[in-house]
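Bear in mind the structure is a predicted one, so any value in this text is a computation, not a measurement. Below, each value reflects all heavy atoms present in this structure, side chains not excepted, and no hydrogens, waters or symmetry copies.
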Amino acid sequence: ILRREGMPAVPLSKARDMLGAGARAMIERGFALAGRQLAPSRSDELFQEFLSIYADHLCVGSHLFDGVAQALDDLAGAGYRLAVCTNKVEGHSRRLLEALGIANRFASICGRDTFPWYKPDPRHLTLTIAAAKADPERAVMIGDSRTDIATARAAGIPTICVPFGYTDVPIETLEP
């Protein structure tokens, strides 16, 4: 998107710092990094273009972190019902998880467009739990960001966070 708009691409080493608030914010951060203004109407257009490009390249360079597949197996083996509550659109989420070979491990996969609400609105999480036919009294949110913690807290659900996610501060300072 940035190259098409006449700006330099952001090197992968710097791009990680732009992640974590969604694709629209990432595009806006890219424009800001290049010192360019982005009108809201153009932001909407570029966001839609990004979603299309992303759909064609979902798993390019993507991989599971070490230990994730085993952790999912261990949790499922211990009787936990697993679900995904993400701010990615549902179709992209399903296709990515399928490409990574883990989609079948989840009782529900709910994205930004699955319900009228998305994180940090707690209903996104509570409706994901309901879609998985799970007990909200026994649910735990496993996340990687400030948004995950805020969502779970608002829903009254405990949170465990990994330290390698997309957050602007060390995750432990957010006290998951």
Side-chain angles (χ1 to χ4, degrees), residues 1-2 4-5 10 15-32 38-65 68 72 75-76 80-136 139-157 159-162 165-168 176:
I1 295 287
L2 295 178
R4 284 189 6 218
E5 293 295 308
V10 177
R16 182 170 171 73
D17 295 336
M18 298 170 66
L19 302 174
R24 189 181 310 270
M26 183 176 59
I27 294 165
E28 291 168 359
R29 290 171 180 171
F31 268 71
L38 180 59
S41 61
R42 187 68 179 137
S43 177
D44 291 341
E45 291 172 23
L46 293 177
F47 174 67
Q48 293 305 318
E49 289 178 35
F50 174 86
L51 290 178
S52 177
I53 294 167
Y54 182 61
D56 293 337
H57 300 87
L58 279 170
C59 213
V60 174
S62 296
H63 58 81
L64 294 176
F65 285 101
V68 168
L72 294 173
L75 289 166
Y80 290 93
R81 185 166 295 173
L82 307 175
V84 173
C85 178
T86 179
N87 277 347
K88 286 186 187 307
V89 296
E90 182 180 331
H92 289 170
S93 303
R94 287 183 181 281
R95 287 185 45 222
L96 176 60
L97 295 170
E98 287 165 3
L100 294 171
I102 61 171
N104 63 342
R105 299 176 192 221
F106 300 100
S108 66
I109 299 170
C110 300
R112 165 181 212 96
D113 56 339
T114 306
F115 312 113
W117 308 278
Y118 52 88
K119 298 185 296 183
D121 190 301
R123 292 172 286 192
H124 190 194
L125 178 56
T126 57
L127 289 168
T128 298
I129 294 166
K133 296 180 177 52
D135 181 356
V140 174
M141 164 73 106
I142 300 174
D144 70 352
S145 69
R146 179 188 307 263
T147 300
D148 291 335
I149 293 169
T151 303
R153 282 193 179 136
I157 307 256
T159 310
I160 297 169
C161 283
V162 297
Y166 303 112
T167 178
D168 55 346

> CG/Leu2 to CE/Met26 distance, rounded to the nearest 0.5 angstrom?
Replying inline: 8.5 Å

> Under 4.5 Å between any side-chain heavy atoms of Asp144 and Cys161, yes or no?
Replying inline: no

> What's the spacing between Ser62 OG and His57 NE2 if we round to 0.5 Å?
Replying inline: 11.5 Å

> For Val162 and Phe65, what are the C-alpha separation, side-chain angles and deciding distance, and is it a side-chain contact (heavy atoms from CB on, under 4.5 Å)?
Replying inline: CA-CA 11 Å; Val162 297; Phe65 285 101; over 6 Å; no

>> Whether the side chain of Ser93 engages the backbone of Val89 through a donor-acceptor N/O pair (distance < 3.5 Å, no angle test) should be reported.
In response: yes

>> If you compare all heavy atoms of Leu64 against all heavy atoms of Ile102, which two are closest, and at what distance to 0.1 Å?
In response: CD2-CD1, 3.7 Å

>> To the closest 0.5 Å, what do you measure between CG (Asp121) and CZ (Phe115)?
In response: 11.0 Å

> Is a salt bridge present between Glu28 and Arg24, judged by a nitrogen-to-oxygen distance below 4.0 Å?
Replying inline: no

> Would Glu98 and Arg95 count as a salt bridge (charged side-chain N to carboxylate O under 4.0 Å, His left out) if you check the C-alpha gap in whole Å, the side-chain angles of each, and the deciding distance to 0.1 Å?
Replying inline: CA-CA 5 Å; Glu98 287 165 3; Arg95 287 185 45 222; over 6 Å; no

>> Counting neighbours of OH on Tyr118 that are heavy atoms of other residues, nucleotides or ligands and sit closer than 6.0 Å, is the number greater than 12?
In response: no

>> Restricting to non-hydrogen atoms, name the atom on Cys110 and the atom on His124 that form the minimum distance, rounded to 0.1 Å.
In response: O-NE2, 3.7 Å

>> Could you check whether atom OH of Tyr80 has more than 12 heavy atoms from other residues, nucleotides or ligands sitting under 6.0 Å from it?
In response: no

>> If I take atom CG from residue Asp148 and atom CD1 from residue Ile142, how far apart are they, to the nearest 0.5 angstrom?
In response: 10.5 Å

> Does Met141 offer a backbone N or O that forms a donor-acceptor pair with the side chain of Thr159 under 3.5 Å?
Replying inline: no

> Roughly how far apart are Leu51 CG and Gln48 CD, rounded to 0.5 Å?
Replying inline: 5.5 Å

> For the residue pair Phe47 and Ala23, what are the closest heavy atoms and their distance?
Replying inline: CE1-CB, 3.8 Å

> Shortest non-hydrogen contact from Ala107 to Arg81?
Replying inline: CB-CG, 3.5 Å

> Going through the distances and angles, do Ile129 and Ile157 end up as a side-chain contact (heavy atoms from CB on, under 4.5 Å)?
Replying inline: CA-CA 11 Å; Ile129 294 166; Ile157 307 256; 3.6 Å; yes

> So, Lys119 side chain and Cys85 main chain: donor-acceptor pair closer than 3.5 Å or not?
Replying inline: yes

>> I need the minimum non-hydrogen distance between Leu100 and Cys59, along with the two atoms involved.
In response: CD2-SG, 3.6 Å

>> Parallel, tilted or perpendicular: which one describes the rings of Tyr54 and Phe50, with boundaries at 30° and 60°?
In response: parallel

> Any idea which heavy atoms bring Leu96 and Leu58 closest together, and the distance?
Replying inline: CD1-O, 3.4 Å

> From Ile109 CD1 over to Lys88 NZ, what is the distance, rounded to the nearest 0.5 angstrom?
Replying inline: 13.0 Å

